[in-house]
Amino acid sequence: MVVGWLGLLVGVTLISDAAPAVLVLFPNDDLISTMAADVAILDATRFSVTLASTEGDLARRLYQNGSFIVLPARMTGCI
């Protein structure tokens, strides 16, 4: 059930730019240094980074740069 829910969120994130930000779980060490200029860091912990962008297709770009799991993030509240 959890894997299905995560799969659905990953799919929605890839096909829609409706979320105001994205949550990258288990970011790689060089994620921040390889981000485009249009990407802003909203929050960062040891296990996740919340990012926003003025350009579209942020989730796809993050996957292309090696991110493992990218989920939609709300500005307040939980996922």
Item to check | Test side chain to side chain contact (heavy atoms under 4.5 Å, CB included) applied to L51 and I32, L62, V70, the passing residue | outcome: L62
Checklist entry - Under the side chain to side chain contact (heavy atoms under 4.5 Å, CB included) criterion, do V39 and L58 qualify, and how do the steps go? => result CA-CA 8 Å; V39 179; L58 178 58; 3.8 Å; yes
Checklist entry - Any side-chain donor-acceptor pair under 3.5 Å between R61 and S53? => result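 Short answer, yes.
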Can you measure from [atom1] ([X]) to [atom2] ([Y]) and round to the nearest 0.5 angstrom?
| X | Y | atom1 | atom2 | value |
| --- | --- | --- | --- | --- |
| S48 | D43 | OG | CG | 6.5 Å |
| F47 | L23 | CZ | CG | 13.0 Å |
| N65 | M35 | CG | CE | 10.0 Å |
| F26 | L31 | CZ | CG | 14.0 Å |

Item to check | Minimum side-chain heavy-atom gap V22-T50 below 4.5 Å | outcome: no
Next on the checklist: Would you say that more than 12 heavy atoms from the other residues, nucleotides or ligands in this model lie under 6.0 Å from the CG of D30, or not?
Outcome noted: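 Yes, the 6.0 Å shell around CG holds more than 12 heavy atoms from other groups.
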Item to check | Closest non-hydrogen atom pair between A52 and P20, with its separation | outcome: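 So the minimum-distance heavy-atom pair works out to CB-O, 3.8 Å.
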